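Accompanying notes for the structure given below.
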Amino acid sequence: MTARAYTVVQAFSAGGVLRLTLNNPWRKNAIGPAMVSELLDALAAGAADESVRCVVLTGAGDAFCAGGDFAQIAGAEGAPPPEMKGDYADLLLAFANSSKPIVARVNGHALGGGLGLVAASHFAIGARGAKLGTPEINVGLFPMMIMAVLQRLVSRRKLLEMMLLGQRLDADEAAQCGLLNTVVDPSALDAAVDEVTSAIASKSPIAVRLGLEAFAAQDDLDLESALPLLRERLAGCLATDDAREGLLAFLEKRKPRWSGR
């Protein structure tokens, strides 16, 4: 059980789960340079920690994330300190390339850049009553970077409707268009997240890692390029100790004992 000290992110690891909480509730967990930098650091630490099997991302208070911190975007709070590394695009890439599954625990509104984090996660479980949307157009902006992750989940027409009208969807509507895996009552949110993290923890860690790395590598390839790459990745997976153990356990009708190798 470990915790790392940050300013606007809480990081706590226990039972194979790294729990990251956006901790700026008085600003509805709006994203600024410090939050981006701390999330990048926490994700890198989680990737390097063999005891971490998956990551859960959520927000403090009654919001998941209200999007970009407009005060910082407008320069009202000055330039970020020079030690801050990375920007929001780097953060989305870190999500996309994560070798540990990321579960978005959407406890409240996820707007703009917050919705981008939900879309970039591998799983997204939402509490009924949460709103998800792209309101940037209402303040003279446009959801440029999150377009890249939203278009992988939402149909072209629906995405343009959301972005051009500044729509906010309720959680059930968001699930219907692919932004959430499932929607539950707020009282059942933790149990639904635990069900996913427990299922991940029961799988071979090296199979999960190799699978996510292969998924990211083939994501933008055409079929002729993707299949040879995946054939090679499958050979690598078959060569692991866990693959041999899993196949033997299947034949012997018992639970596999994963070594992570």
Side-chain angles (χ1 to χ4, degrees), residues 1-4 11-21 39 42-58 93-106 117-126 149 152-153 175 178-184 188-221 223 225-261:
M1 184 181 300
T2 60
R4 291 174 69 89
F12 180 78
S13 179
V17 180
L18 173 61
R19 299 185 184 275
L20 301 179
T21 301
L39 282 172
L43 288 171
D49 186 344
E50 291 186 0
S51 71
V52 171
R53 303 294 298 279
C54 63
V55 178
V56 172
L57 179 70
T58 193
L93 285 171
F95 273 57
N97 295 321
S98 175
S99 60
K100 309 284 177 82
I102 300 174
V103 181
R105 176 187 178 275
V106 187
L117 298 183
V118 173
S121 298
H122 300 99
F123 296 87
I125 301 171
V149 289
R152 296 166 184 258
L153 302 175
L179 288 168
L180 295 173
N181 290 88
T182 188
V183 179
V184 297
L189 184 58
D190 286 329
V193 171
D194 289 345
E195 183 177 355
V196 172
T197 59
S198 296
I200 292 169
S202 72
K203 314 303 181 188
S204 159
I206 193 169
V208 170
R209 176 175 65 79
L210 293 175
L212 285 182
E213 289 174 351
F215 185 84
Q218 63 83 47
D219 208 17
D220 292 321
L221 299 179
L223 190 63
S225 301
L227 287 175
L229 179 146
L230 294 173
R231 180 173 56 203
E232 179 182 334
R233 299 297 179 96
L234 175 59
C237 194
L238 286 168
T240 65
D241 290 346
D242 273 2
R244 287 187 284 271
E245 164 63 14
L247 293 171
L248 184 61
F250 175 80
L251 294 174
E252 295 177 350
K253 296 181 172 56
R254 61 172 174 81
K255 289 185 178 181
R257 296 181 288 272
W258 307 124
S259 67
R261 297 190 297 273

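No experiment lies behind these values; they were computed from the predicted model shown.
A search for salt bridge (charged side-chain N to carboxylate O under 4.0 Å, His left out) contacts involving E195 returns nothing, not counting sequence neighbours. Every residue two or more places apart in sequence or in another chain that forms a salt bridge (charged side-chain N to carboxylate O under 4.0 Å, His left out) with R105 is listed here: D190. With sequence neighbours excluded, the residues forming a salt bridge (charged side-chain N to carboxylate O under 4.0 Å, His left out) with D241 are R244, R261, listed by chain and number. Listed by chain and number, the residues in a side chain to side chain donor-acceptor pair (under 3.5 Å) with S259 are D242 (sequence neighbours excluded). Residues satisfying the side chain to side chain donor-acceptor pair (under 3.5 Å) test with S202, not counting sequence neighbours, are none. Applying the side chain to side chain contact (heavy atoms under 4.5 Å, CB included) rule to L43 yields the partners L20, V55, L91, A94, F95, I102; only residues at least two apart in sequence or on another chain are considered. Residues meeting the salt bridge (charged side-chain N to carboxylate O under 4.0 Å, His left out) test with E252, sequence neighbours left out: R254. Every residue meeting the side chain to side chain contact (heavy atoms under 4.5 Å, CB included) condition with A175, not counting sequence neighbours, appears here in chain and number order: L180, V183.
Listed by first and then second residue, the salt bridge (charged side-chain N to carboxylate O under 4.0 Å, His left out) pairs that reach into residues 198-211 are R209-E213, sequence neighbours excluded.
Rounding to the nearest 0.5 angstrom, the gap separating the OG1 atom in T21 from the CG atom in L57 is 8.0 Å. Rounded to the nearest 0.5 angstrom, H122 NE2 and N181 CG are separated by 11.5 Å. Within the model, atoms CD1 of I206 and OG of S99 stand 11.0 Å from one another, a figure rounded to the nearest 0.5 Å. Here SG of C54 is found 11.0 Å from CG of L212. Values are rounded to the nearest 0.5 Å.
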Result block: side-chain N/O donor-acceptor pairs under 3.5 angstrom for residues 225-240, not counting sequence neighbours:
from, atom 1, to, atom 2, distance (Å)
S225, OG, D222, OD1, 2.9
T240, OG1, C237, O, 2.8
T240, OG1, A243, N, 3.1

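With hydrogens and angles disregarded, no donor-acceptor distance shorter than 3.5 Å links the side chain of E245 to the backbone of W258. Of the possible polar contacts, none joining the S121 side chain to the A124 backbone as a donor-acceptor pair under 3.5 Å is found.
Looking only at side-chain heavy atoms (C-beta outward), L18 and D49 stay at 4.5 Å or farther from each other.
When all heavy atoms are compared, the tightest approach of P205 to G260 is CG-CA, 3.6 Å. Residues V118 and L179 share a closest heavy-atom pair of CG1-O, 3.7 Å.
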